[in-house]
Trainee: 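One structure coming up, written as structure tokens, with questions to follow.
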There are 2 protein chains.
Amino acid sequence: MIKKKIKLKDIAKELEVSISTVSKALKNSEEISRDTKEKIQAFARLYNYKPNNIAVSLKNKRTKNIGVIIPDIVHHFFTTVIRGVENYALEKGYNVIVCLSDESFDKEVINMEMLANGSIDGFIMSLSAGTEKKKDFNHLKEVTDQGIPLVLFDRVTNEIDCDKVVIDDIQGAYVATKKLIDEGRKRIVLLTTQDFFSVSLNRNLGYQKALKDAGVKVKDDFILKLPFMDVDDKAISEFLERTKPDAILSTNEIFGIFAMRVLQKKGFEIPNDISIIGFTDGLLAQHANPAITSVAQHGEKMGEMAAKMLIDRVENEEDEEPNYQTKIIAPTLIERESTF
Amino acid sequence: MIKKKIKLKDIAKELEVSISTVSKALKNSEEISRDTKEKIQAFARLYNYKPNNIAVSLKNKRTKNIGVIIPDIVHHFFTTVIRGVENYALEKGYNVIVCLSDESFDKEVINMEMLANGSIDGFIMSLSAGTEKKKDFNHLKEVTDQGIPLVLFDRVTNEIDCDKVVIDDIQGAYVATKKLIDEGRKRIVLLTTQDFFSVSLNRNLGYQKALKDAGVKVKDDFILKLPFMDVDDKAISEFLERTKPDAILSTNEIFGIFAMRVLQKKGFEIPNDISIIGFTDGLLAQHANPAITSVAQHGEKMGEMAAKMLIDRVENEEDEEPNYQTKIIAPTLIERESTF
DNA sequence: TGTTAACACGAAACCGTTTTCGAAAGTGTT
DNA sequence: AACACTTTCGAAAACGGTTTCGTGTTAACA
């Protein structure tokens, strides 16, 4: 026995008024008399009337949905961003449609196209590895050309004119490297990914800048660029044996964890023998033994800011000159047990 | 210069045919002549016509969206479930709307109500702690009464008649405990949460059953029930000092990690002195040092199955007698370095 | 040449709302 | 009694599609 949902027409028929009257009464319109409004509202409450979202969306051309496209959800950073977006969205009465590009350009395009046909009021996204590698941003261009608001976060591109929120990766790496230098470390190596990731590139720059500012020469063979997936214990192990570092900066969380494991198995003590700092202050860094000093990216805050920027755009679409902004969040070095 | 999206009416006007003709032509209807169809399709392709999802949804009463409500997204298990759901959904042309209940009953209700008014074709969800504690399932009842398909996973209730997918928690805990017994461990303690979590309860049962089957007496003070959030190092530490275990079974990932840290700080060697097995085969267990033997819950598979069950229901709504199923996934013990 | 059937297309209803506009009824003023 | 306002409500269009059904045209056939 399925209880069908009640609609305006049903209320109208039952109370012998018109649909328009019901609609207005439920919005407490001044046009409708006190009596009628009370009668209608009471009836609606009794039968638990809720307007159909789809019909409202079609009429208002507002879905109250925002689309979030991220490369990977099994990743603490993106997960915290979603939480931030969700928090703000819920507060503003928006739903969050999450799509995963799986680091693939094609999936990113498919997902965008699926959502761009009316399903959402705006996008929040971080570029997939495939897209960063291919440098093809036509799908983003099409979306913005249609007037759909877009906010890019973390992995962004300046090929596209839109709102952005990023952390200051150069600064983050700089501070981390400086911390290691100040500790007296002399052989500071960098574990990073290939260059097509905008974030890795910037972190690399920050690392080199800190070294230069301290009068330390940057050695190219102190930098290991690993593929971003399928991390290889062996590659790390060989690199560490060759470079014999006394400190490691990793541009992500996982490489640092791997390095620490390799070192611990070889009998090194962290941080006595070698200091380690990683990026992305995630669960792994927090719960490792010793806990790893990390550059926090404030994902949740990023998500909230992105959501705020997006919803502001969505709700004030009239302003003709966009005046796009890029918010830069300052990273924070969280000192734990893997450094002094 | 915003490029407005083209609609049926525009194509109709341009090609001097009716809207219905365009609609049919684009669906390759037999009613329309070859010539007209080709002309219309070519035009549509040229101008990149895509039907408006909202309008189609309103007409068809199908949104091609599925709502997923989970307690927490910053949690590896749920995150893998979402990935599984996403995979299957994308394949079938569905979008996934993710809502977070934040372990709160109220948020769970709000989210359900937001989505239940036409935004989605069905729900996939795992109960929040608040709901499990309160044992109030009226919001679920209302949804199913309306004929909206619902699939519960992991944290389920038998108060509600619907499809479910769970893992055999009793079995998982049984196998894990047996493994410890077979290793020769005599003082096997259990780290778990309060009883209102259905999963914890079952894991506790499995633990006790394995002990009994091996002729070991279950001691109540060998079981520590911690609040599910804000884990307390001190409580764990005191418990371990009091019980002096030679093996630990943790009903989740994090308690096991905490216990290992505490023990390592006290100088114990894992697994030489003490073996550890945890539930939820997440990143923490995989990357801990030593890596922790875990009972894998196969979240991605669960997500895929839940999505499959839901979409099957959605697309075959005619069958009058529901005949709800509960799929039980067998857990797997993944042996790592924290046991012999 | 008249009848019929196939073919190709269009008009209109519909999905469930919102909103504009017009109009009936009531009120008050002279 | 005539007029001008209010107040209160309903008809209808609109959002952008899908689908049913009717109809004009043409070809085929007796």
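A note on names: the letters A, B, ... follow the listed sequences, proteins ahead of strands, and every chain is numbered from 1.
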Trainee: What integer distance in Å separates A:I19:CD1 from D:dA14:P?
Mentor: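 Rounded to the whole Å, the gap is 17 Å.
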
Trainee: Given atom NZ of A:K7 and atom P of C:dT18, what is their separation to the nearest angstrom?
Mentor: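 One finds 14 Å between P of C:dT18 and NZ of A:K7, rounded.
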
Trainee: Would you tell me if any nitrogen or oxygen in the side chain of B:K27 comes within less than 4.0 Å of OP1 or OP2 on D:dT18?
Mentor: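 So the side-chain polar atoms of B:K27 do come within 4.0 Å of the phosphate oxygens OP1 or OP2 of D:dT18, strictly under.
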
Trainee: Does any part of the side chain of B:N28, heavy atoms only, come nearer than 4.5 Å to the side chain of B:Q41, both counted from C-beta?
Mentor: yes

Trainee: Just how far, in rounded Å, is P of D:dG17 from NZ of B:K13?
Mentor: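 Going from NZ in B:K13 over to P in D:dG17 covers 13 Å.
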
Trainee: Hey, are the side chains of A:R313 and A:L150 touching, using non-hydrogen atoms and a 4.5 Å cut-off?
Mentor: no

Trainee: Rounded to the nearest angstrom, tell me the gap between atom NZ in A:K24 and atom P in C:dT17.
Mentor: 16 Å

Trainee: How many Å lie between CG on A:L15 and C1' on D:dC9, as a whole number?
Mentor: 14 Å

Trainee: Begin with the C-alpha distance, continue with both residues' side-chain angles, and end with the deciding distance and a verdict on side chain to side chain contact (heavy atoms under 4.5 Å, CB included) for A:Q325 and A:M309.
Mentor: CA-CA 9 Å; A:Q325 299 198 355; A:M309 289 174 91; 3.9 Å; yes

Trainee: Taking all heavy atoms of B:Y94 and all of B:E315, pick out the closest pair and write down the distance.
Mentor: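 Heavy atoms only, the tightest pair is OH-OE2, 2.9 Å.
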
Trainee: B:V17 or A:K9: which one's nearest nucleotide on DNA chain C is closer to the 5' end?
Mentor: B:V17

Trainee: Answer yes or no: does a side-chain N or O of B:S23 lie under 4.0 Å from OP1 or OP2 of D:dT18?
Mentor: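 Result: yes.
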
Trainee: For a quick test of reading the model, state the closest non-hydrogen atom pair linking A:I2 to B:G147 and the distance between them.
Mentor: CD1-CA, 3.9 Å

Trainee: Out of curiosity, A:I97 CD1 to A:F123 CZ, how far, rounded to the nearest 0.5 Å?
Mentor: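 Rounded to the nearest 0.5 Å, the CD1-CZ separation comes to 9.0 Å.
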
Trainee: Decide salt bridge (Lys or Arg N to Asp or Glu O under 4.0 Å) for B:E103 and B:R155; before the verdict, give the C-alpha distance in whole Å, the side-chain angles of both, and the deciding distance to 0.1 Å.
Mentor: CA-CA 12 Å; B:E103 301 287 9; B:R155 300 203 206 147; 3.0 Å; yes

Trainee: In whole angstrom, what separates A:I11's CD1 from C:dT17's P?
Mentor: 8 Å

Trainee: Which residues within residues 52-61 of chain B lie with some heavy atom under 4.0 Å of an atom in DNA chain C?
Mentor: B:L58, B:K59, B:K61

Trainee: Determine whether B:E142 and A:N48 make a side-chain contact, defined as any pair of heavy atoms from C-beta on separated by less than 4.5 Å.
Mentor: yes

Trainee: I'd like to know if B:S20 reaches the base of C:dA11 with its side chain, counting only an N/O donor and acceptor under 3.5 Å.
Mentor: yes

Trainee: If you take any heavy atom closer than 4.0 Å to DNA chain D, which residues from residues 29-50 of chain A end up in contact?
Mentor: A:E31, A:I32, A:S33, A:T36

Trainee: Round to a whole Å and report the spacing from CG of B:N28 to P of C:dA8.
Mentor: 13 Å

Trainee: Determine yes or no for a side-chain-to-main-chain donor-acceptor pair under 3.5 angstrom, with B:S57 supplying the side chain and B:N53 the backbone.
Mentor: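 Yes: the side chain of B:S57 pairs with the backbone of B:N53.
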
Trainee: Return the value, rounded to whole Å, for the distance between atom CD of B:E16 and atom C1' of C:dA8.
Mentor: 17 Å

